[in-house]
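Just below is one structure, and these are the notes that go with it.
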Amino acid sequence: QVQLVESGGGLVQAGGSLRLSCAASGSIFSINAMGWYRQAPGKQRELVARIISNGITNYTDSVKGRFTISRDNAKNTVYLQMNSLKFEDTAVYYCKVEGLLRLGESSRFGTTAFGSWGQGTQVTVSS
């Protein structure tokens, strides 16, 4: 199984900063993409930022220049540095990791694609 543990959410005043972390563990052979999504009450879940295996990043327009996604491949961890937070950033933030999972002790037993979601962490920005 793949387990994602998120941390770093909380309550912050507008203009403040938070850094979210998401650590993946399990029989992971490789990670192809890591991303952050958010869902505010009454709204659909939306992509916030994503980083793929070659390092290319993508951000939703509303966070460009304020948020930065990064990763530590050795730790299978993705981060989201959030600066200049706004009230409208308030949401539950979810990480998602996509890659290949080992089916046995070695990749010689095969791999399978996976996409796993974290449990979500609440980010609340006060006006």
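Everything numeric in this text was worked out from a predicted model, so none of it was measured. Only this structure's heavy atoms are used, side chains among them; waters, hydrogens and symmetry mates stay out.
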(request) Please round to the nearest 0.5 Å and tell me the distance separating atom CG of N73 and atom CE of M34. (result) 8.0 Å
(message) Rounded at 0.5 Å granularity, tell me how far CG in L101 sits from CZ in F114.
(response) 6.5 Å
(message) Apply side chain to side chain contact (heavy atoms under 4.5 Å, CB included) to residues V92 and V123 and explain how you reach the verdict.
(response) CA-CA 6 Å; V92 177; V123 171; over 6 Å; no
(request) Kindly state each residue pair satisfying side chain to side chain donor-acceptor pair (under 3.5 Å) with at least one member in residues 96-108, sequence neighbours excluded. (result) R50-E98
(request) Please name the pair of heavy atoms, one in N76 and one in I28, separated by the smallest distance, quoted to 0.1 Å. (result) ND2-CD1, 4.1 Å
(message) Working to the nearest 0.5 angstrom, can you tell me the gap between I31 CD1 and S53 OG?
(response) 10.5 Å
(message) I'd like to check the side-chain hydrogen bond (donor to acceptor under 3.5 Å, both in side chains) partners of S25; sequence neighbours left out, ordered by chain and number.
(response) none
(request) Can you tell me which residue pairs pass the disulfide (SG to SG under 2.5 Å) test with a partner in residues 29-94, sequence neighbours excluded? (result) none
(request) Compare all side-chain heavy atoms of Y79 with those of I69 and state whether any distance is below 4.5 angstrom. (result) no
(request) Enumerate the residue pairs fulfilling side chain to side chain donor-acceptor pair (under 3.5 Å) with a member in residues 54-64, sequence neighbours excluded, ordered by first and then second residue. (result) R38-S62, D61-K64
(request) State plainly whether one hydrophobic cluster holds both L80 and V63, where clusters connect Ile, Leu, Val, Met, Phe, Trp and Tyr through side-chain heavy atoms under 4.5 angstrom apart. (result) yes
(request) Anything under 30° is parallel, anything over 60° is perpendicular, the rest tilted; go ahead and classify W117 against Y94. (result) perpendicular
(request) Please check if the side chain of R66 supplies one atom and the backbone of Q81 the other of a donor-acceptor pair under 3.5 Å. (result) no
(request) State the CE-CZ distance between M82 and F67, to the nearest 0.5 angstrom. (result) 5.5 Å
(request) Could you verify whether a donor N or O on one side chain and an acceptor N or O on the other, from Q122 and T124, lie under 3.5 Å apart? (result) yes
(request) Mind listing the closest non-hydrogen atom pair of A40 and A91 along with its distance? (result) N-CB, 3.8 Å
(request) Please tell me if the side chains of L100 and T112 come closer than 4.5 Å, counting only heavy atoms from C-beta onward. (result) no
(message) Set out, in order, the CA-CA distance, both residues' side-chain angles and the distance that settles side chain to side chain contact (heavy atoms under 4.5 Å, CB included) for W36 and L47, then state yes or no.
(response) CA-CA 6 Å; W36 290 95; L47 173 70; over 6 Å; no
Please list every donor-acceptor pair under 3.5 Å in which a side-chain atom of residues 2-22 meets a protein atom from a residue at least two apart or in another chain.
from: E6; atom 1: OE1; to: T121; atom 2: N; distance (Å): 3.4
from: E6; atom 1: OE2; to: C95; atom 2: N; distance (Å): 2.9
from: E6; atom 1: OE2; to: G120; atom 2: N; distance (Å): 3.2
from: S17; atom 1: OG; to: N83; atom 2: OD1; distance (Å): 2.9

(message) Walk me through whether N32 and I52 qualify under side chain to side chain contact (heavy atoms under 4.5 Å, CB included).
(response) CA-CA 6 Å; N32 301 116; I52 59 178; over 6 Å; no
(message) Could you check whether any side-chain heavy atom of L103 comes within less than 4.5 Å of a side-chain heavy atom of T111, counting everything from C-beta outward?
(response) no
(message) Would you say that more than 12 heavy atoms from the other residues, nucleotides or ligands in this model lie under 6.0 Å from the CD of Q1, or not?
(response) no
(message) For residues 48-88, which residue pairs pass the disulfide (SG to SG under 2.5 Å) check, not counting sequence neighbours?
(response) none
